[in-house]
Amino acid sequence: MLGFIAGVLPGVGASLGSFISYTLEKRCWAERARLVKGDIRGVAAPEAGNNGASSGALVPMLISLNITPGPLMFTQHADIVWGVIAALLIGNVLSLVLNIPMVGFFVKLLSVPPMYLLPIVAMEAFVGVYSISHSTFDLYFMVAFGVAGYFLRKLDIPLVPIILGLLLGPEMEKNLGHALVLSDGDWTTLWSSSLSMGLWLAAGLGLVLPVLFCQSGRSVTVSTTAV
């Protein structure tokens with residue numbers, strides 16, 4: 001469910017779905033240290049989020065094609081819908097054909113020492129950032145964010161809200177400006193309709209429910225361990 005929601009958000013994608021799922025698994029499980037030592041739950045959570053985001057990403061893709069997701073698209077845009085379904089079917093078959101014989105090679109990649117793997121990842125990050133903007137300032141900016149992310153991880157501060165804010169913040173600010181222009185600067189338009197109140201309620205539940213759920217999950221785990 002978390003991965004699907006991350007996939008529906010435009011410009012987010014599967015990476016954030018994996019981060020959210022892993023963070024929730026880590027925060028709601030008492031023995032968090034075991035997740036980084038090979039426990040299967042530390043693998044199943046991000047992979048489930050990744051797969052859920054792949055299906056959720058179809059929603060903004062269809063919207064970008066001026067297609068409203070829903071039952072009517074099977075009659076109004078049958079050619080595109082069945083084309084997407086056929087592409088998904090072919091993609092799953094090809095994924096199965098490629099992954100089964102290459103699973104041994106993929107497993108061996110995990111044995112690459114970090115002292116060799118991390119410089120390669122860092123080099124790809126530098127090349128990717130510079131190829132987009134051709135600006136050395138962006139490279140320094142990336143390094144600064146890398147250092148900040150290192151300290152945030154050491155302080156056990158989740159990175160998902162920061163990533164989500166960086167991705168969706170500019171778009172939310174732009175739409176806030178549009179709403180205030182259309183309402184002649186009246187801030188009450190942000191909560192005057194039933195749709196806006198529903199969104200505010202969903203946002204509030206998104207803040208409260210994880211805290212309550214995690215606390216109940218920890219108490220159940222601790223009591224089970226004690227028994």
Side-chain angles (χ1 to χ4, degrees), residues 1-25 40-103 105-106 124 128 131-132 159-179 181-182 189-207 209-210 213:
M1 293 178 62
L2 292 175
F4 180 81
I5 295 174
V8 171
L9 296 175
V12 177
S15 299
L16 187 63
S18 299
F19 275 111
I20 293 175
S21 302
Y22 181 78
T23 302
L24 181 64
E25 183 72 24
I40 191 62
R41 280 170 281 196
V43 179
E47 283 301 313
N50 180 38
N51 294 334
S54 300
S55 57
L58 293 175
V59 176
M61 184 198 72
L62 292 174
I63 295 177
S64 66
L65 297 174
N66 294 324
I67 299 175
T68 303
L72 292 179
M73 68 180 184
F74 284 89
T75 57
Q76 297 176 352
H77 306 280
D79 53 343
I80 296 179
V81 172
W82 292 111
V84 171
I85 293 176
L88 292 174
L89 178 61
I90 296 173
N92 283 320
V93 173
L94 290 178
S95 178
L96 183 65
V97 172
L98 293 175
N99 285 332
I100 290 180
M102 297 187 66
V103 63
F105 174 74
F106 294 149
E124 292 182 353
S131 62
I132 294 175
L159 300 178
V160 173
I162 300 175
I163 298 174
L164 188 60
L166 290 173
L167 290 174
L168 299 181
E171 192 69 22
M172 294 176 65
E173 184 178 359
K174 182 176 69 175
N175 284 279
L176 175 62
H178 289 168
V181 169
L182 294 175
T189 190
L190 300 177
W191 54 80
S192 58
S193 66
S194 58
L195 178 59
S196 60
M197 290 301 297
L199 294 175
W200 281 111
L201 179 61
L205 291 176
L207 291 174
L209 289 181
F213 176 76

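Every value quoted in this text rests on a predicted model; they were computed, and no experiment measured them. Numbers here are sequence positions counted from 1.
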For a 4.5 angstrom cut-off between non-hydrogen side-chain atoms, does Val81 reach Ile85? yes
Could you grab the distance from atom CE of Met172 to atom CG of Asn175, nearest 0.5 Å is fine? 9.0 Å
Taken in chain and number order and not counting sequence neighbours, the residues that satisfy side-chain contact (heavy atoms from CB on, under 4.5 Å) with Leu2 are Ile20, Ser21, Leu24
Indicate the atoms forming the closest heavy-atom contact of Pro46 with Arg41, along with that distance. CD-O, 4.4 Å
Got Leu190 and Leu176 here, is their nearest side-chain heavy-atom distance under 4.5 Å? yes
How far apart are the closest heavy atoms of Thr75 and Leu72, and which atoms are they? OG1-O, 2.9 Å
Please identify each residue that fulfils side chain to side chain donor-acceptor pair (under 3.5 Å) with Asn92, with sequence neighbours left out. none
With Met1, which residues qualify under side-chain contact (heavy atoms from CB on, under 4.5 Å), at least two apart? none
Contacts of Leu98 meeting side-chain contact (heavy atoms from CB on, under 4.5 Å) (sequence neighbours excluded), chain-then-number -> none
Under 3.5 Å, side-chain donor or acceptor atoms of residues 51-61 against the rest of the protein: list the pairs with distances, not counting sequence neighbours.
from, atom 1, to, atom 2, distance (Å)
Asn51, ND2, Glu47, O, 3.2
Ser54, OG, Asn50, O, 3.1
Ser55, OG, Gly52, O, 2.8

If you count the non-hydrogen atoms of other residues, nucleotides and ligands that lie under 6.0 Å from CZ in Phe105, is the total more than 12? no
Under the side-chain hydrogen bond (donor to acceptor under 3.5 Å, both in side chains) definition, can you give me all pairs with a residue in residues 193-205, not counting sequence neighbours? Ser193-Ser196
